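In what follows, every heavy atom counts, from backbone to side chain, and hydrogens, waters and symmetry copies are set aside. Counting begins at 1 with the first residue of the sequence. The structure displayed is predicted, hence computed values, not measured ones.
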Amino acid sequence: MNNKEIYKKTLGFSIRRLLWDVLAFIVFVAAIFIGFLISDKATGNGLIGAGIGIVIGLVVVVIMLRFVSYSYKAGQIAMMTKGVVEGKLPEDVIGAGKKVVKERFTTVAAYFAITGVIKGIFRQIGRGITAIGQSIGGDTGGTVGSTISAVIDTVIAYLCDCCLGWVFYRKDKKAGKATLEGAAIFFKHGKTLLKNLGRIFGMSLVSFLIIGGIYFGIFFGIFHCFPDAFATLGKEIVETGGSDVPAWISDVNTLIIFCSAISGIIFWSILHSAFVRPFILVGVLRNFINSGKDDIPSEKALSELDGKSKKFAKLHSEVDA
């Protein structure tokens, strides 16, 4: 199967994640809106209720995404890995993906424990690069290091998914051991894997301009129908924040543009994550799996990485115990 075929076969996961993410977004916005209205009528200050709504909305959204959305993401990566390695996928891709996730991670806690370690390992590398830049060139070096680290953060997101794919591929090994191997593969074949940078950033930029631009226009049109609501919001923000609040907050049109931009970015993030990112990931994952399956990291290679990441060394010691 080529990348496009794998992407199409696993698209059902993306659609389900999208529906779930949109539902979570609606719940979040509804909690803020309801809190604002109730507080505005009761106390005359809707911001207090909006703040409470944000807290409640975040709690509900985290629960929704943590206990449901994760299974679709993990299932999609598992099936992508299967398609890359075996060259075929079952008819019931969704069911097969869920089954593999349950077999590999018996609980939600086990899944997040491994993914947390994976992210921790690669993020420590990113912070290390920033520190090197600062030590070489002071503030200028730190800026360079921070810029490089920001780029790496984007790459890390893909590496984490690829490492998770490796965990599914190495189903005969414990998840912890497979995680260590996945991290080691990046160090051994980093140059091969980083050739995907152009694909990652190029397609991400195009999707941001197109999707973000479209939804900015949609929300701009919607918000312009409620100028009084934004005038009230701007007034209450200024009254609450006083002199620390930027002057443009009190301008209705500017506030509408700002809220439209934020909403556009949120919807771009949701759609990009659901549809564009998986398409990019298939190609990156194929390179990752192919780089490692014929040259699986040895115990010596794993030991050499203990000094690069405390999280890696900790997991390594736990696996060997």
Side-chain angles (χ1 to χ4, degrees), residues 1-22 68-101 104 115 118 122 151 153-171 178 182 185-186 189-215 267-295:
M1 298 180 75
N2 59 36
N3 294 346
K4 189 175 181 180
E5 290 172 336
I6 294 174
Y7 172 74
K8 286 183 176 180
K9 285 282 287 183
T10 59
L11 195 59
F13 290 102
S14 295
I15 295 173
R16 285 163 175 77
R17 282 183 60 205
L18 173 63
L19 294 175
W20 200 252
D21 288 349
V22 170
V68 179
S69 187
Y70 93 95
S71 64
Y72 292 128
K73 177 180 179 179
Q76 187 172 34
I77 293 173
M79 290 298 98
M80 283 181 174
T81 302
K82 187 178 182 65
V84 167
V85 175
E86 300 179 12
K88 60 181 180 180
L89 288 171
E91 287 298 320
D92 183 11
V93 178
I94 302 295
K98 288 183 178 179
K99 182 180 178 182
V100 170
V101 173
R104 200 64 168 118
T115 54
I118 293 172
F122 287 116
V151 172
D153 282 342
T154 302
V155 178
I156 282 174
Y158 285 90
L159 289 175
C160 289
D161 288 347
C162 289
C163 197
L164 185 58
W166 183 262
V167 172
F168 285 120
Y169 169 64
R170 295 283 283 169
K171 55 188 176 184
I185 288 171
F186 171 70
H189 305 282
K191 291 182 179 179
T192 300
L193 299 173
L194 289 179
K195 72 181 183 181
N196 296 284
L197 280 177
R199 177 187 178 92
I200 292 172
F201 288 101
M203 293 189 69
S204 296
L205 178 60
V206 171
S207 79
F208 177 76
L209 294 175
I210 295 176
I211 298 173
I214 289 174
Y215 277 92
F267 266 76
W268 164 76
S269 178
I270 291 173
L271 292 175
H272 178 81
S273 177
F275 295 112
V276 181
R277 194 174 181 282
F279 182 76
I280 301 173
L281 178 60
V282 177
V284 181
L285 181 63
R286 184 183 293 277
N287 285 337
F288 190 94
I289 297 295
N290 288 340
S291 295
K293 68 179 184 179
D294 296 325
D295 187 19

Interatomic distance, [X] atom [atom1] to [Y] atom [atom2] [nearest 0.5 angstrom]:
X    : Y    : atom1 : atom2 : answer
F13  : S71  : CZ    : OG    : 8.5 Å
L164 : L159 : CG    : CG    : 12.5 Å
L89  : M80  : CG    : CE    : 10.0 Å
I289 : I185 : CD1   : CD1   : 6.5 Å
L281 : R286 : CG    : CZ    : 11.5 Å
L285 : N3   : CG    : CG    : 9.0 Å

Q | Residues in side-chain hydrogen bond (donor to acceptor under 3.5 Å, both in side chains) contact with S14, at least two apart in sequence or another chain | A |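 Checked S14 against side-chain hydrogen bond (donor to acceptor under 3.5 Å, both in side chains); matches are Q76.
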
Please name the pair of heavy atoms, one in [X] and one in [Y], separated by the smallest distance, quoted to 0.1 Å.
X    : Y    : value
V284 : C162 : CG1-SG, 3.6 Å
M203 : F279 : CE-CD2, 3.5 Å
S204 : S207 : O-OG, 3.0 Å
I6   : G83  : CD1-C, 3.6 Å

(Q) Please check if the number of heavy atoms outside Y215 that lie under 6.0 Å from its OH is greater than 12. (A)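 No.
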
Q) Is K171 atom NZ crowded by more than 12 heavy atoms from other residues, nucleotides or ligands, each under 6.0 Å away? A)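 Open.
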
Q) Does the side chain of I15 reach to within under 4.5 Å of the side chain of F275, using non-hydrogen atoms? A)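 With C-beta onward as the side chain, the pair touches.
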
Q. Got M79 and F168 here, is their nearest side-chain heavy-atom distance under 4.5 Å?
A.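 Side-chain contact under 4.5 Å: no.
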
For [X], salt bridge (charged side-chain N to carboxylate O under 4.0 Å, His left out) partners two or more places apart:
X    : result
D92  : none
E86  : K82
R104 : none

Q.
Taking salt bridge (Lys or Arg N to Asp or Glu O under 4.0 Å) as the cut-off, I'd like each qualifying pair that reaches into residues 154-166, sequence neighbours left out, listed once.
A.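 Residue pairs with at least one partner in residues 154-166: K73-D161, D161-R277.
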
Q | Residue pairs passing the salt bridge (Lys or Arg N to Asp or Glu O under 4.0 Å) test where at least one lies in residues 6-22, sequence neighbours excluded | A |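 Every candidate salt bridge (Lys or Arg N to Asp or Glu O under 4.0 Å) pair involving residues 6-22 fails, so no pair, neighbours aside, qualifies.
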
Q) So W268 and F208, would you call those rings parallel, tilted or perpendicular, with 30° and 60° as cut-offs? A)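 Taking F208 first and then W268, their aromatic rings stand perpendicular (interplane angle over 60°).
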
